[in-house]
Amino acid sequence: MESTHPTVAKERLLESARRLFCREGIHATGVSRLLSEAKVARRTLYESYGSKENLLRAVFDREAAMWFGWFDHSLPQHTDDPEQRLIFLFDLLEAWFASGRFFGCLFTNAVAEHDKSSSWVRDLAQEHFDRVHARIEALAVASGLRDPAWVAQQVALLIDGAIATAMVTRNAQSAQVARSILLILLREAKAV
């Protein structure tokens, strides 16, 4: 089944898992399906990740890396202005929605599938949401906006709403609708 370099096979498994977990669900995706989709041997899964749960943790890490790549690289390359970075974030969302690699938010989807009261998945998702919120709040602070914590909550909700809408409608334009609301929010947050 597998004759490629172990690193390539591991990456293929990780990408297949990300796509299947997001598109079809974590519980609905069995190990056999993962291996078949990735075209790797069972050995690759267990030598690389040890278990399906550890593979899921690696997929979470990959999804988080995308977000923090935006904050750490894409936004700073686009502009030095923190307010413009907040706005440009919605352009990045739109590109993601239109990429063919978008199946909703892995963290939200995973929480929907697991026990919400005591699951390690919920804790991991909450940690991710908190880290994203902190980055948004830092941009709001740097922009000199009034009540940056409140603004960050509003921006995070706009992001979540755009993601949910894009997932249901399969329309990338939801990011631009959210962006237009963001512009109003930013105007209000600057008013004295």
Flag the pair [X] and [Y] as a salt bridge only when some basic side-chain nitrogen lies within less than 4.0 angstrom of an acidic carboxylate oxygen.
X: Arg179; Y: Glu94; value: no
X: Glu53; Y: Arg57; value: yes
X: Arg12; Y: Glu15; value: no

- State whether the number of non-hydrogen atoms from other residues, nucleotides or ligands found under 6.0 Å of Gln173 atom CD is greater than 12. no

- Query: CZ of Arg23: more than 12 outside heavy atoms within 6.0 angstrom?
  - Reply: yes

Side-chain heavy atoms of [X] within contact of [Y], under 4.5 Å:
X: Leu106; Y: Arg62; answer: no
X: Leu86; Y: Leu186; answer: yes
X: Ile159; Y: Ile136; answer: yes
X: Phe90; Y: Val155; answer: yes
X: Ser16; Y: Arg33; answer: no

What do the steps show when you test Leu13 against Glu37 for side-chain contact (heavy atoms from CB on, under 4.5 Å), and what is the final call? CA-CA 8 Å; Leu13 180 58; Glu37 181 89 7; over 6 Å; no

Roughly how far apart are [X] [atom1] and [Y] [atom2], rounded to 0.5 Å?
X: Leu34; Y: Leu55; atom1: CG; atom2: CG; answer: 6.0 Å
X: Glu63; Y: Leu124; atom1: CD; atom2: CG; answer: 11.5 Å
X: Leu14; Y: Leu45; atom1: CG; atom2: CG; answer: 11.0 Å

[X]-[Y] co-clustered via ILVMFWY side chain contacts under 4.5 Å:
X: Trp96; Y: Leu157; result: no
X: Leu89; Y: Val141; result: no
X: Leu93; Y: Phe68; result: yes
X: Tyr46; Y: Val59; result: yes

* Dump the intermediate steps for side-chain contact (heavy atoms from CB on, under 4.5 Å) on Arg135 and Asp72, then the final yes or no. => CA-CA 10 Å; Arg135 293 296 186 94; Asp72 296 338; 2.6 Å; yes

Partner of Asp130 under side chain to side chain donor-acceptor pair (under 3.5 Å), picked from Gln126, His133, His128, is Gln126

Taking Gln84 for its side chain and Thr79 for its backbone only, find out whether a donor-acceptor pair lies under 3.5 Å. no

Under 3.5 Å: donor-acceptor pair, side chain of Arg19, backbone of Phe103: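 No, Arg19 side chain to Phe103 backbone: no donor-acceptor pair under 3.5 Å.
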
The side-chain contact (heavy atoms from CB on, under 4.5 Å) partners of Thr165 (sequence neighbours excluded) come to Thr169, Ser174

ring-ring contact (aromatic ring centres under 6.0 Å, His included) filter on Tyr49, not counting sequence neighbours, yields none

Correct closest heavy-atom pair for Cys105 and Ile163 would be N-CG2, 3.7 Å

Margin query: side-chain contact (heavy atoms from CB on, under 4.5 Å) for Leu145 and Trp150? Distances and angles first, verdict last.
Written below: CA-CA 10 Å; Leu145 301 175; Trp150 180 245; over 6 Å; no

- [ ] Indicate the ring-plane relationship of Phe60 and Phe107, choosing parallel, tilted or perpendicular according to the 30° and 60° boundaries.
- [x] parallel

